[in-house]
There are 2 protein chains.
Amino acid sequence: MTAPHATSCPMDSILRLLMGPWTSYILWILQSEGPLRFGALKRKVPGISAKVLTERLRLLEEAGVIFRDYKPTIPPQVTYGPADRGKELAEVFKTLNAIGRRWAEEDKMEKAGKAA
Amino acid sequence: MTAPHATSCPMDSILRLLMGPWTSYILWILQSEGPLRFGALKRKVPGISAKVLTERLRLLEEAGVIFRDYKPTIPPQVTYGPADRGKELAEVFKTLNAIGRRWAEEDKMEKAGKAA
DNA sequence: TAAAGTACGTACAATATAGTAACTATCGAT
DNA sequence: ATCGATAGTTACTATATTGTACGTACTTTA
């Protein structure tokens, strides 16, 4: 009874997956830079902690958005990259990026106009 | 230095706007059911509190995703509905919904297969 | 006089999330 | 023998967000 905000809408589960801090950025990097090892990925996301990065990667993997390739060498090598579902999302990301960029432009224009 | 997760990617601001509990559902309702008054909208989102609904509506309005029409009658009538930017997002929502639905289907199939 | 409805705002508590730091195992190098 | 690297995990703390309950201003209804 704590968090009943059931939405019964499939989009919501995707948004909920992507929403936390870092998440979309992580996915964006994996999509644009291809498969990366944990340490390399962490270095690409400055400021993130290992804990949160692990957590996010687990969620994304569970959702089938990224793959995880674990090689039990010593030291272990774990590589992450976009899976099929991640590539599907990439399309939506592109659209959202375009929209976001345009909105930012519009906001800037409007502000400039107001300043007159 | 508390939350530095700067992403420098325009999509992120949109995701951050939509991500809280209820938010996408509210927008979805306004898109599919057209303009609604505060009370009517609240009844469509069972479980949400007036406080959070107000907060979400303010954010969406500030982003230009919905409009707010205030009529200072007694009692006041405040109507919310999708604005131009909201209609833009509707396209993305449709795509995300389709993807989400398909993923749910696939997951169900896979689970059924595993049960054998 | 009191209750109820509208559209909120505010204060406070509860909860969820994120951050920090230290710890794990193993090996090679120093 | 200790350090450092890899890829985390665990415990604990700090912060942010949510939820709950009540207050507001005004009018109508009982």
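All figures in this text were calculated on a predicted structure; none of them were measured in a lab. In what follows, every chain begins at residue 1, and chains take the letters A, B, ... in the order their sequences are listed.
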In this structure, which one of A:L15, A:L18, A:T95 forms a side chain to side chain contact (heavy atoms under 4.5 Å, CB included) with B:L96? A:L15
Student check: side-chain heavy atoms of A:L60 and A:T23 closer than 4.5 Å: yes
Report all interatomic pairs (protein N or O, nucleotide N or O of nucleotides 7-13 of chain C) with separations under 3.5 Å.
unit_1, atom_1, unit_2, atom_2, d
C:dA7, OP1, B:R37, NE, 2.9
C:dA7, OP1, B:R37, NH2, 2.7
C:dA7, OP1, B:P76, O, 3.2
C:dA7, OP1, B:V78, N, 3.2
C:dA7, OP2, B:G39, N, 3.1
C:dC8, OP1, B:R58, NH2, 2.7
C:dC8, OP1, B:R68, NH2, 2.5
C:dC8, OP2, B:Y80, OH, 2.7
C:dG9, OP1, B:R58, NH1, 3.2

To the nearest Å, how far apart are B:K71 NZ and D:dT27 P? 20 Å
Output yes when at least one side-chain N/O atom of B:W22 is less than 4.0 Å from OP1 or OP2 of D:dT17, else no. no
Could you tell me whether A:E105 and A:R102 have a side-chain N and a carboxylate O separated by less than 4.0 Å? no
Spacing of A:R56 atom CZ relative to D:dG8 atom P, expressed in whole Å: 15 Å
I'd like to know if B:D107 and A:R85 make a salt bridge, using a cut-off of under 4.0 Å between side-chain N and carboxylate O. yes
Could you pull out all residues at least two apart from A:R37 that satisfy side-chain hydrogen bond (donor to acceptor under 3.5 Å, both in side chains)? none
Give the rounded distance in Å between these two atoms: CZ of A:R16 and P of D:dT17. 16 Å
What integer distance in Å separates B:L59:CG from D:dT18:C1'? 14 Å
Using a strict threshold of under 4.0 Å (side-chain N to carboxylate O), is an ion pair present between B:D12 and B:R16? yes
Tested for side chain to side chain contact (heavy atoms under 4.5 Å, CB included) against A:K42, the lone hit among A:L36, A:L53, A:T54 is A:L53
Using five base pairs at each end to define the local axes, how bent is the helix from C:dT1-D:dA30 to C:dT30-D:dA1, to the nearest 10°? 40°
Kindly assign one of parallel, tilted or perpendicular to the pair A:F93 and A:W28, based on the angle between their ring planes and the thresholds 30° and 60°. parallel
Roughly how many Å is it from CD in A:E61 to C1' in D:dG8, rounded to a whole number? 14 Å
Reading DNA chain C from 5' onward, which residue's closest nucleotide shows up sooner: A:M19 or A:S49? A:M19
In whole angstroms, the gap separating P of D:dG19 from CG of B:L53 amounts to 11 Å
Atom CD1 of A:I74 to atom P of C:dT26: distance rounded to whole Å? 7 Å
Decide side-chain contact (heavy atoms from CB on, under 4.5 Å) for A:Y80 and A:F38; before the verdict, give the C-alpha distance in whole Å, the side-chain angles of both, and the deciding distance to 0.1 Å. CA-CA 7 Å; A:Y80 297 92; A:F38 184 89; 4.0 Å; yes
If I take atom CD1 in residue A:I48 and atom P in nucleotide D:dA7, what distance separates them, rounded to the nearest angstrom? 15 Å
